[in-house]
Trainee: 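Handing you a structure now.
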Amino acid sequence: MTTEVARLERRSPEDVARDISRQFLDVTDLRAQDDDIDEGTISLQAGLGLFNAANHLMVSAAAATINRQGYYGRGIPRAAHAHARRLRLGQTRPGSYVLPVISSARFGTTARDAEGLPHLDVASEDTYFDRRVLATLSRSLEALAEMTMRRDRMPTRSDIRDSVGEGVSSELCAAVLEVIGKGKVELFDIAFNWAPASPVPDDLTRRIEFSSVNAEILEEVQSELKESDEPSEVVLYGVIRRMALKENEESGRVSLDTVIEGRKRSVSFDLDLATYRRAAQYHGDRRRVVVTGILETSPGRPARMKVSTFGPDRSIVSFDELA
């Protein structure tokens, strides 16, 4: 069958077989491009940098999917390291040196209550984590590239601090520098090959490139983030369960069903009127949302959050939304 399809599509049977096998797999290609790369070989130093970058990129993106922080140091969540250990590496490819990182994109079924509203299920929610990590990685690398690829000016401190909200961290910068800095590779690009059978948000960048000529700017951004004293902000994903708006109030109360440390929890927070109206729209559309902020979980008391950002969960697109 693969031979026949390959003949009709005028490509190799190996490419067809690979596409069939990865219907529910996201493959992130890390590519090192340099004049020194020849016939599928790479210097030991550059190769070590590429393999180290693969691990550090995924760990930093997983950490930013759990909580946003300019510098983690020893505070990287254990779940971020556990996520990286679950990932697989594919065979390196001929030509320019390409290292494929493979993650799952097979999502659980959306549970619904008797009225047809989305119902948070911990087991199903766990299946979205791999895709959310890659979405965070895509957006954080895009933000980092926008800051560092302009040689006519350095990014401002405000630009750098704001990028933390997109998942940029000192550890992410260090991962890129493993290749274009320590590895002394001219070009490093990251290409996202999303699973064909799993819906993908259309605003995700498919390919981001970094050049060795911008390594110095990256080092400056890394240093600034490492010195950041901004508090860590928790990222929560979930579905809106209840909304309440009193007459003449300037804010409305929202209750979110989410997962915290593997357990289903309800978290309440206040939103200004404009954001509250958007929340009502997402609630009506039955969309998942994501909220970032300072979480308060005192023993014996309901969980509360002081919100800094709120919006739809752009990491996940359900088949219901496509319909």
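Computed from a predicted structure; not experimentally measured.
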Trainee: Any side-chain heavy atom of I208 sitting closer than 4.5 Å to one from F192?
Mentor: yes
Trainee: So with a 6.0 Å cut-off around CD of E230, is the heavy-atom count from everything else above 12?
Mentor: yes
Trainee: For the residue pair F310 and F269, categorise the inter-ring angle as parallel (less than 30°), tilted (30 to 60°) or perpendicular (more than 60°).
Mentor: tilted
Trainee: Taking everything shown except R86 itself, do over 12 heavy atoms lie less than 6.0 Å from its CZ?
Mentor: yes
Trainee: Is L99 reachable from V176 through a run of hydrophobic residues whose side-chain heavy atoms are each under 4.5 Å from the next?
Mentor: yes
Trainee: Could you tell me which non-hydrogen atom of V179 sits nearest to which non-hydrogen atom of G49, and how far apart they are?
Mentor: CG2-O, 3.8 Å
Trainee: About how many Å separate OG of S103 and NE2 of H83, when rounded to the nearest 0.5 Å?
Mentor: 6.5 Å
Trainee: Any chance you could pull the hydrophobic cluster mates of L48, using side-chain heavy atoms under 4.5 angstrom and chaining through other members?
Mentor: L44
Trainee: May I have the step-by-step check of side-chain contact (heavy atoms from CB on, under 4.5 Å) for V200 and R131, ending in yes or no?
Mentor: CA-CA 9 Å; V200 181; R131 172 60 68 79; 4.0 Å; yes
Trainee: Looking only at non-hydrogen atoms, find the nearest pair between I180 and S211 and report the distance.
Mentor: CD1-O, 3.4 Å
Trainee: Here's a test for you: under side chain to side chain contact (heavy atoms under 4.5 Å, CB included), which of E249, E250, R253 qualifies with D270?
Mentor: R253
Trainee: Please check this pair: side chain of S138 against backbone of T205, looking for a donor-acceptor N/O pair closer than 3.5 Å.
Mentor: yes
Trainee: Measure the CG-OG distance between L273 and S251 for me, rounded to the nearest 0.5 Å.
Mentor: 7.0 Å
Trainee: Do R241 and S266 touch side chain to side chain, with heavy atoms closer than 4.5 Å?
Mentor: no
Trainee: Please say yes or no: joined through hydrophobic side-chain contacts below 4.5 Å, possibly via intermediate residues, are L177 and I190 part of one cluster?
Mentor: yes
Trainee: Starting from V27 and following side-chain heavy-atom contacts under 4.5 Å between hydrophobic residues (I, L, V, M, F, W, Y), which residues can be reached?
Mentor: L25, I102
Trainee: Work out which heavy atom in W194 is nearest to a heavy atom in A135; give both atom names and the distance.
Mentor: CH2-N, 4.3 Å
Trainee: Would F129 end up clustered with L236 when hydrophobic side chains under 4.5 Å apart are linked, directly or stepwise?
Mentor: no
Trainee: Could you grab the distance from atom OG of S228 to atom CD1 of I160, nearest 0.5 Å is fine?
Mentor: 10.0 Å
Trainee: Could you tell me which non-hydrogen atom of T297 sits nearest to which non-hydrogen atom of A303, and how far apart they are?
Mentor: CG2-CB, 4.0 Å
Trainee: Report yes if the side chains of D313 and Y282 come closer than 4.5 Å at any heavy-atom pair, otherwise no.
Mentor: no
Trainee: Hey, does the side chain of S223 reach the backbone of E219 with a donor-acceptor pair shorter than 3.5 angstrom?
Mentor: no
Trainee: Taking the side chain as every heavy atom from C-beta outward, state whether T136 and R68 have any atom pair closer than 4.5 Å.
Mentor: yes
Trainee: Please indicate whether K306 has more than 12 foreign heavy atoms, meaning atoms of other residues, nucleotides or ligands, lying under 6.0 Å from its NZ.
Mentor: no
Trainee: Looking at side-chain heavy atoms only, is the closest gap between R288 and E125 below 4.5 Å?
Mentor: yes
Trainee: Mind checking the OG1-CD spacing from T148 to E216? Nearest 0.5 Å is all I need.
Mentor: 12.5 Å
Trainee: Salt bridge check: are R7 and E4 linked by an N-O gap of less than 4.0 Å?
Mentor: yes
Trainee: Might you point out which heavy atoms bring P155 and I217 nearest each other, and give the distance in Å?
Mentor: CD-CG2, 3.9 Å
Trainee: Could you pull out all residues at least two apart from R106 that satisfy side-chain contact (heavy atoms from CB on, under 4.5 Å)?
Mentor: F24, S104
Trainee: Between L144 and F210, is there a side-chain heavy-atom distance shorter than 4.5 Å?
Mentor: yes
Trainee: Answer yes if V290 and V168 sit in the same cluster of Ile, Leu, Val, Met, Phe, Trp and Tyr residues linked by side chain heavy atoms under 4.5 Å apart, and no otherwise.
Mentor: no
Trainee: Apply the test side-chain contact (heavy atoms from CB on, under 4.5 Å) to residues I294 and M305: give CA-CA distance (whole Å), side-chain angles for both, the deciding distance (0.1 Å), then the verdict.
Mentor: CA-CA 6 Å; I294 306 299; M305 175 175 268; 6.0 Å; no
Trainee: Between H81 and V59, is a side-chain contact (heavy atoms from CB on, under 4.5 Å) present by the stated rule, with each step listed?
Mentor: CA-CA 6 Å; H81 289 292; V59 170; 3.9 Å; yes
Trainee: If I compare all heavy atoms of A63 with all of P77, which pair ends up nearest, and what's the gap?
Mentor: CB-CD, 3.8 Å
Trainee: Report the distance from atom CZ of R10 to atom CG of D15, rounding to the nearest 0.5 Å.
Mentor: 16.0 Å
Trainee: Any chain of hydrophobic side-chain contacts (each under 4.5 Å) joining L187 to L218?
Mentor: no
Trainee: R207: which residues meet the salt bridge (Lys or Arg N to Asp or Glu O under 4.0 Å) condition with it, sequence neighbours left out?
Mentor: D189, E209
Trainee: Using the rule given for side-chain contact (heavy atoms from CB on, under 4.5 Å), can you reason through V101 versus L57, listing the C-alpha separation, both sets of side-chain angles and the distance that settles it, and then say yes or no?
Mentor: CA-CA 11 Å; V101 181; L57 282 174; over 6 Å; no
Trainee: Report yes if some heavy atom in the side chain of R139 is under 4.5 Å from a heavy atom in the side chain of S315; otherwise report no.
Mentor: yes
Trainee: Do L295 and N67 have side-chain heavy atoms sitting under 4.5 Å apart?
Mentor: no
Trainee: Look at R157 together with E227 and state whether they make a salt bridge at an N to O cut-off of under 4.0 Å.
Mentor: no
Trainee: Against the six-membered ring of Y237, is R132 placed for a cation-pi contact (under 6.0 Å from the centre, within 45° of the normal)?
Mentor: yes
Trainee: Which ILVMFWY residues are connected to V5, directly or by a chain of links, through side-chain heavy atoms under 4.5 Å apart?
Mentor: M1, V16, I20
Trainee: With sequence neighbours excluded, tell me which residues meet salt bridge (Lys or Arg N to Asp or Glu O under 4.0 Å) with R278.
Mentor: none
Trainee: Do any N or O atoms from the side chain of E171 and from the backbone of H56 form a donor-acceptor pair under 3.5 angstrom?
Mentor: no
Trainee: Let me confirm one number: the CG-CG distance from N55 to L50, rounded to the nearest 0.5 Å.
Mentor: 12.0 Å
